[in-house]
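Computed over heavy atoms, backbone and side chain alike; hydrogens, waters and symmetry mates excluded. Both ligands and their constituent atoms are indexed starting at 1 by order of listing. Numbers here simply count residues along the sequence, with the first being 1.
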Amino acid sequence: MVGTGLLDRVGELVHQREPHIMKLHVVSDSNVWPLYGDRLLACLTRAGFSSTFSVVQAGESSKSMTMAENVAGDVARAGLSRSDGLVALGGGVVGDLTGFIASLLYRGMKYIGLPTSFLAQVDSGVGGKTGVNASFGKNMLGTFHQPALVVADATVLKTLPAPRLLDGLAEAIKTAAVADAGLFASLQKTSLPITETEFVNISATCLKTKAMIVENDEKDLGQRMLLNYGHTLGHALEAAGDFLLLSHGEAVALGMRAFASLGEKMRISTPGTAGAINGLLDRHGLPDRVVGLSLQTVLEFAGLDKKSSKGQFKVVFIKQPGEGILLSLQAEEYRRIIEEAFALVVDNG
Ligand SMILES: NC(=O)c1ccc[n+]([C@@H]2O[C@H](COP(=O)([O-])OP(=O)(O)OC[C@H]3O[C@@H](n4cnc5c(N)ncnc54)[C@H](O)[C@@H]3O)[C@@H](O)[C@H]2O)c1
């Protein structure tokens, strides 16, 4: 459910959807809780729920096994049972962490998503991928566990820092590019600053499109991989810059640009596709170049360490705006493509 003013109606909405739940434990982070925690608790109390909460430090480091165990301990000590529920009030970090705990605690309990970042409202809030980071990689420990209800209130985006808005926009552009020509066309007419009504429309469309894709391929074995458009190179650039040089949205935007240009050069895309994608990213202020990353490091983060000369790699290109295509490449060709893509968006001169 997407709209405005929904945060003050969450209690009644949860009650309607899950009438058996008596207790709720809210998980939030140190930025979001001071802004919206009291309002949410008041609304849950009005609807007759008994509620408790855990607040984790804002940021990626809270997506850890240790934090999952700490928060699960809070839930158990608060006396919730398997038939009660968790609530994730926050961005993708809180959503992934809460979903992960909900999938494991008491062998699985319900959770409700209240995504507060634009990225979570257009992307991570639905789909049921949960997870935490491990010493051997990001999101390496995770489960598939669908939220019982997702309530995205666009009003809370007012307090979101501008760079985080761009992260969400990049994901919205990605969804439009691979699966939604109508959204692509409407984003071509949107300009910054985005109005509340536009936020609602973009989030509602993205969540609907993603939900449709996930319905056909929940476990990410086929069509869902289209949602990785821009991410193969994007993740590698983001990681090569130590997650400091580029934000997630900026890195994904560079990945989308590079693969749009390559797709046209390789005649996978109809002429004009790269121009349309680049134009949309320009319109929303997403970067076209980054300076100072090493090719070797990017290749390694793209899965091409010195040992990996075998195997198949999946990459996403765009046939035309609104239609992605997933290709399976041998390591040698994949390496050549990543090298070309790197040269298109990284400036080392
Ligand atoms: N599960 C999935 O399908 C999926 C998909 C994409 C990304 N992710 C994950 O999502 C995470 C990134 O999500 P994110 O960008 O939302 O990060 P985040 O949760 O760290 O939120 C970004 C920042 O914005 C703050 N914030 C959030 N909402 C706010 C609001 N309304 N007002 C003020 N501040 C607010 C947060 O405290 C944080 O500092 C990553 O861990 C990524 O792996 C998951």
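The 12-atom threshold is exceeded at NZ of Lys138, counting heavy atoms of other residues, nucleotides or ligands nearer than 6.0 Å. Atom CD of Glu69 is surrounded by 12 or fewer heavy atoms from other residues, nucleotides or ligands within 6.0 Å. Counting non-hydrogen atoms of other residues, nucleotides and ligands closer than 6.0 Å to CZ of Arg17 gives a total of 12 or fewer. In Asn216, the CG atom is crowded: over 12 heavy atoms of neighbouring residues, nucleotides or ligands sit closer than 6.0 Å. With a 6.0 Å radius and a threshold of 12 heavy atoms from other residues, nucleotides or ligands, Tyr36 has its OH atom above the threshold. Heavy atoms of other residues, nucleotides or ligands lying less than 6.0 angstrom from CZ of Arg289 number more than 12. No more than 12 heavy-atom neighbours from other residues, nucleotides or ligands sit within 6.0 angstrom of CE on Met1.
In terms of protein heavy-atom proximity, atom 39 (O) of ligand 1 is nearest to Asn31 ND2, 3.0 Å. Of all protein heavy atoms, the one closest to atom 9 (C) of ligand 1 is Asp96 OD2, 3.4 Å. Taking atom 29 (C) of ligand 1 as the reference point, the nearest protein heavy-atom neighbour is Leu160 CD1, 3.4 Å. Protein heavy atom closest to atom 20 (O) of ligand 1, with residue, atom name and distance, is Val93 CG2, 3.4 Å. The protein heavy-atom contact nearest to atom 4 (C) of ligand 1 is Ser124 CB, 3.2 Å. Among all non-hydrogen protein atoms, the one lying nearest atom 21 (O) of ligand 1 is Gly91 CA, 4.2 Å. Among protein heavy atoms, atom 23 (C) of ligand 1 sits closest to Arg164 CD, 3.7 Å.
Between His145 and Tyr111, the distance separating the two ring centers is shorter than 6.0 angstrom.
Judged by distance alone, the side chains of Asn139 and Lys63 do bring a donor and an acceptor atom under 3.5 Å apart.
Within ligand 1, the atoms closer than 4.0 Å to a non-hydrogen atom of Glu60 are 40 (C), 41 (O), numbered from 1 in the order shown. The atoms of ligand 1 that sit less than 4.0 Å from any heavy atom of Leu35 are 32 (N), 33 (C). Taking every non-hydrogen atom of Thr116 and a distance limit under 4.0 Å, the qualifying atoms of ligand 1 come out as 27 (C), 28 (N), 29 (C), 30 (C), 31 (N). Residue Lys63 approaches ligand 1 through these ligand atoms, each under 4.0 Å from one of its heavy atoms: 9 (C), 40 (C), 41 (O), 42 (C), 43 (O). Interface atoms of ligand 1 facing Val156, defined by a heavy-atom separation under 4.0 Å, are 30 (C), 31 (N). Close approach of ligand 1 to Asn139 (heavy-atom distance below 4.0 Å) involves ligand atoms 43 (O). Atoms of ligand 1 found under 4.0 Å from any heavy atom of Ala58 (numbered from 1 in listed order, with element): 37 (O).
With a 4.0 Å cut-off on non-hydrogen atoms, Asp29 touches ligand 1 through its side chain and not its backbone. Residue contacts with ligand 1, taken as heavy atom pairs separated by less than 4.0 Å, do not involve Glu171 at all. Of all the heavy atoms of Lys129, the ones lying under 4.0 Å from any atom of ligand 1 are found in both the backbone and the side chain. Contacts between Ser117 and ligand 1 below 4.0 angstrom, taking non-hydrogen atoms only, involve backbone and side chain alike.
For the pair Thr130 and Phe144, the minimum side-chain heavy-atom distance is 4.5 Å or more.
Across every non-hydrogen atom of Leu183 and Cys206, the tightest pair is CD2-SG, 3.6 Å. Nearest heavy-atom pair across Gly125 and Val150 is O-CG2, 3.5 Å.
The aromatic rings of Phe317 and Phe259 lie tilted to each other, with the angle between the two planes from 30° to 60°.
At least one heavy atom of Lys138 lies less than 4.0 angstrom from ligand 1. Ligand 1 does not have Leu157 within reach: every non-hydrogen atom of the residue lies 4.0 Å or more from it. Within the 4.0 Å heavy-atom shell around ligand 1 one finds Lys210.
Closest to atom 7 (C) of ligand 1 by heavy atom, among Leu119, Asp123, Val56, is Leu119. Comparing heavy-atom distances from atom 33 (C) of ligand 1 across Val214, Val94, Leu165, Thr159 singles out Thr159 as nearest. When the options Pro161, Gly92, Gly128, Gly90 are ranked by their closest heavy atom to atom 11 (C) of ligand 1, first place goes to Gly92.
Of the polar atoms of Val32, none of the N or O atoms is found under 3.5 Å from an N or O of ligand 1, judged by distance alone.
In this structure, OG on Ser328 lies 3.5 Å from NZ on Lys314, to the nearest 0.5 angstrom.
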Apply ring pair (Phe, Tyr, Trp, His ring centres under 6.0 Å) to His248 and Phe243, showing your working. CA-CA 8 Å; His248 182 70; Phe243 296 92; 8.9 Å; no
